[in-house]
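Read the structure below first, then the notes.
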Amino acid sequence: MYDVQSHLREVLSTLPQGVRLVAVSKFHPKEYIQAAYDCGQRIFGESHEQEIRLKHQQLPDDIEWHFIGHLQTNKVKYIVPYIHTIEAVDSLKLLREIEKQAARCNRRIRVLLELHIAEEATKYGLTPDACRQLLDGGEWRQMEHVQICGLMMMASFTDKQEQLVSEFSQAQEFFNEAKARWFADDPAFCERSWGMSDDYPIAIQHGSTMVRVGTAIFGPRVY
Ligand SMILES: *Cc1c(COP(=O)(O)O)cnc(C)c1O
């Protein structure tokens, strides 16, 4: 078996205080998650509804499951009973559905708004303007079962350092704007989920509070 524990320790040793690790376990077997769990890791990220459902049933109850993928509204009801954080909320429609389903379970779900900054046209997420529009609309303020805890973003898939720096800085700037304009009196709005295996050291230099790292811990995914 892949040496999950030593890779996990290596990644953890590079994270400064105040930056938490979401161990992205998608496509990896539950034994890998258990190995990381046995080292003390409690936050795991998955991006497919059926896969996270199975793993949630098979693994310890005190795991904080984060849904990090694109979530279809018709899947919300399946994850809401146990999900800790939904990281990639990219429409008001999805936010409304989370509110509705969370109310039925009498839960309050933490969510992050997914920001689209990267150049790639295929990525999901709200542009800064679309995000402003959603927040200005104010409907979210009436949602008692949804708590907007910050922003999530994925940088472009590139090894050009300047481009990564530029994208993470834009995300950080937008976070500061959103904090000041809509969440100044809400301490819960504090999370910046950016940084993956190849770019998390740069993300940390640009305000990340939560890195989502898969490959650097669990090795290459077998699809
Ligand atoms: C798969 C995935 C990751 C982890 O990517 P690695 O390169 O394996 O670290 C992070 N965030 C999201 C949204 C993902 O889908």
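Just the heavy atoms: all of them, side chains too, but no hydrogens, waters or symmetry mates, feed the values below. Just so you know, ligand 1 is whichever comes first in the structure, and atom 1 is the first atom listed for that ligand.
For ligand 1, the atoms lying closer than 4.0 Å to a non-hydrogen atom of Met152 are 13 (C). Numbered from 1 in the order shown, with element, the atoms of ligand 1 that lie under 4.0 Å from a heavy atom of Met154 read 13 (C). Near Gly214, meaning under 4.0 Å from any of its heavy atoms, are these atoms of ligand 1: 4 (C), 6 (P), 8 (O), 9 (O).
Residue contacts with ligand 1 for Ser47 are absent, since no atom lies close enough (heavy atoms, distance under 4.0 Å).
At a 4.0 Å cut-off, not a single heavy atom of Glu87 sits close enough to ligand 1 to count as contact. Using 4.0 Å as the threshold, Val213 has a heavy atom nearer than that to some atom of ligand 1.
In this structure, Arg212 contributes its side chain and Val24 its backbone to no donor-acceptor pair below 3.5 Å. Between the Glu167 side chain and the Ser156 main chain, a donor and an acceptor come within less than 3.5 Å of each other.
The nearest protein atom to atom 11 (N) of ligand 1, hydrogens excluded, is given as Arg212 NE, 2.9 Å; this is a heavy-atom distance. The single protein non-hydrogen atom nearest to atom 9 (O) of ligand 1 is Ser197 OG, 2.6 Å, given as residue, atom name and distance. If you check which protein heavy atom lies closest to atom 1 (C) of ligand 1, you get Lys26 NZ, 1.5 Å. Summary of contacts: the protein heavy atom closest to atom 13 (C) of ligand 1 is Ile68 O, 3.5 Å.
Ring geometry for Phe218 against Phe44 counts as tilted: the plane angle lies between 30° and 60°, on a 0 to 90° scale.
Backbone and side-chain nitrogen or oxygen atoms of Thr215 are examined, and one is located within less than 3.5 angstrom of a nitrogen or oxygen of ligand 1. Backbone and side-chain nitrogen or oxygen atoms of Arg221 are examined, and one is located within less than 3.5 angstrom of a nitrogen or oxygen of ligand 1.
For the residue pair Ser166/Gln170, the side-chain donor-acceptor check at 3.5 Å is satisfied.
Applying side-chain hydrogen bond (donor to acceptor under 3.5 Å, both in side chains) to Lys55 and the options His48, His28, Glu46 leaves one that passes, Glu46.
No side-chain heavy atom of Arg96 sits under 4.5 Å from any side-chain heavy atom of Thr73.
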